[in-house]
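Let me begin by presenting the structure, written as structure tokens, before commenting on it.
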Amino acid sequence: QVQLVESGGGLVQAGGSLRLSCAASERTFSSYTMAWFRQAPGKERDIVAAMRWSGDTTYYADSVKGRFTISRDNAKNTVYLQMNSLKPEDTAVYYCAANPNYPTLPLPLPAAYDYWGQGTQVTVSS
């Protein structure tokens, strides 16, 4: 069973930056497609960004293109989400997710991911 643990959330002013981290317990992390989702109160869980297991393909939601960057360090079994130029509408709980089945991107549906972290709160004040 893969365990994913997010960190790095917090409170930031609009225009600021945060970097989220997601550490995986599994040594085969390098073969997983990883993604970040977010869920605001009363809303569905939506994909933010994803990176294919090979690292050669990324996907971003239109709302974060040019502001957020997903990256991974396979040696540390960790995926990151660098978030710049944050807006109040970015406020949500952010989750990392993993798919171990070598999928292609985009892979925007939560049901496509087998493993989830517990989430980390990001709050952007205006």
Side-chain angles (χ1 to χ4, degrees):
Q1 181 72 14
V2 176
Q3 293 185 337
L4 303 174
V5 179
E6 301 101 333
S7 61
L11 173 65
V12 64
Q13 289 187 333
S17 298
L18 283 174
R19 188 177 80 154
L20 306 183
S21 300
C22 172
S25 63
E26 183 63 40
R27 292 182 180 180
T28 56
F29 168 82
S30 62
S31 66
Y32 292 173
T33 287
M34 300 298 297
W36 288 94
F37 285 76
R38 66 186 181 188
Q39 187 167 20
K43 296 189 176 181
E44 294 184 349
R45 189 171 296 190
D46 293 326
I47 193 165
V48 175
M51 175 174 276
R52 195 163 173 251
W53 61 273
S54 57
D56 61 346
T57 306
T58 56
Y59 169 84
Y60 293 95
D62 288 343
S63 59
V64 306
K65 282 181 181 177
R67 300 188 298 124
F68 291 11
T69 303
I70 188 171
S71 62
R72 64 193 298 161
D73 184 339
N74 288 339
K76 296 182 178 180
N77 287 357
T78 302
V79 63
Y80 304 96
L81 185 68
Q82 178 66 44
M83 305 185 295
N84 298 328
S85 303
L86 283 161
K87 305 175 181 180
E89 51 263 44
D90 294 318
T91 295
V93 177
Y94 283 70
Y95 299 90
C96 70
N99 180 313
N101 300 314
Y102 303 97
T104 57
L105 296 182
L107 198 65
L109 298 180
Y113 294 83
D114 297 313
Y115 306 109
W116 291 85
Q118 81 289 351
T120 185
Q121 176 71 46
V122 172
T123 303
V124 184
S125 63
S126 57

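Owing to the predicted nature of the structure, the values given are computational and were not obtained by experimental measurement.
- Residues passing the ring pair (Phe, Tyr, Trp, His ring centres under 6.0 Å) test with Y95: none are found, sequence neighbours excluded.
- Of the candidates L18, V12, T91, T91 is the only one forming a side chain to side chain contact (heavy atoms under 4.5 Å, CB included) with T123.
- Hydrophobic clustering of Ile, Leu, Val, Met, Phe, Trp and Tyr side chains at less than 4.5 Å, counting indirect connections, keeps V93 apart from V124.
- Once rounded to the nearest 0.5 Å, the distance linking CD of E89 with OG of S126 reads 10.0 Å.
- Taking OG of S21 as the reference point, atom CG of L81 lies at 9.5 Å (rounded to 0.5 Å).
- Closest approach of R67 and S85 over heavy atoms only: NH1-O, 2.9 Å.
- Of all heavy-atom pairs spanning T33 and L105, the tightest one is CG2-CD2, 3.9 Å.
- Comment: D62 engages K65 in a salt bridge, judged by a side-chain N to carboxylate O separation of less than 4.0 angstrom.
- Using a 4.5 Å cut-off on side-chain heavy atoms (C-beta onward), Q118 and E6 make contact.
- Nearest approach of S17 to N84, heavy atoms of both residues: OG-OD1, 2.9 Å.
- Under the 4.5 angstrom side-chain criterion for Ile, Leu, Val, Met, Phe, Trp and Tyr, the cluster partners of W53 are Y102.
- The main-chain N or O of N101 is found under 3.5 Å from a side-chain atom of N99 such that the two form a donor-acceptor pair.
- Hydrophobic clustering of Ile, Leu, Val, Met, Phe, Trp and Tyr side chains at less than 4.5 Å, counting indirect connections, unites M51 with Y115.
- Using a 4.5 Å cut-off on side-chain heavy atoms (C-beta onward), Y113 and I47 make contact.
- For the pair R72 and Y32, the cation-pi criterion (under 6.0 Å, within 45° of the ring axis) is not fulfilled.
- Here S54 pairs with R52, D56 under the side-chain contact (heavy atoms from CB on, under 4.5 Å) rule; sequence neighbours left out.
- Heavy atoms only, all atoms of each residue included: A92 and A40 are closest at CB-N, 3.9 Å.
- Between L20 and the choices I70, V122, V79, V48, the side chain to side chain contact (heavy atoms under 4.5 Å, CB included) rule is met once, by V122.
- Note on L86 and F37: separate hydrophobic clusters, where clusters join Ile, Leu, Val, Met, Phe, Trp and Tyr whose side-chain heavy atoms are under 4.5 Å apart, directly or indirectly.
- Looking at R38 and D90, their side chains come closer than 4.5 Å, going by heavy atoms from C-beta outward.
- Separation of atoms CD (Q1) and CG (D114) is listed at 9.5 Å; rounding is to 0.5 Å.
- Heavy atoms from other residues, nucleotides or ligands lying under 6.0 Å from CD of Q3 number 12 at most.
- Criterion: ILVMFWY side-chain heavy atoms under 4.5 Å apart, direct or through other members. Under it, W116 and Y80 are not part of a common hydrophobic cluster.
- Rounding to the nearest 0.5 angstrom, the gap separating the OG1 atom in T104 from the OH atom in Y59 is 12.5 Å.
- The shortest heavy-atom contact between T78 and K76 is OG1-O, 2.8 Å.
- Placement of Y94 and Y60 within a single hydrophobic cluster is found when ILVMFWY residues are connected by side-chain heavy-atom separations under 4.5 Å, directly or transitively.
- Here the shortest heavy-atom pairing between P108 and P106 reads CD-C, 3.5 Å.
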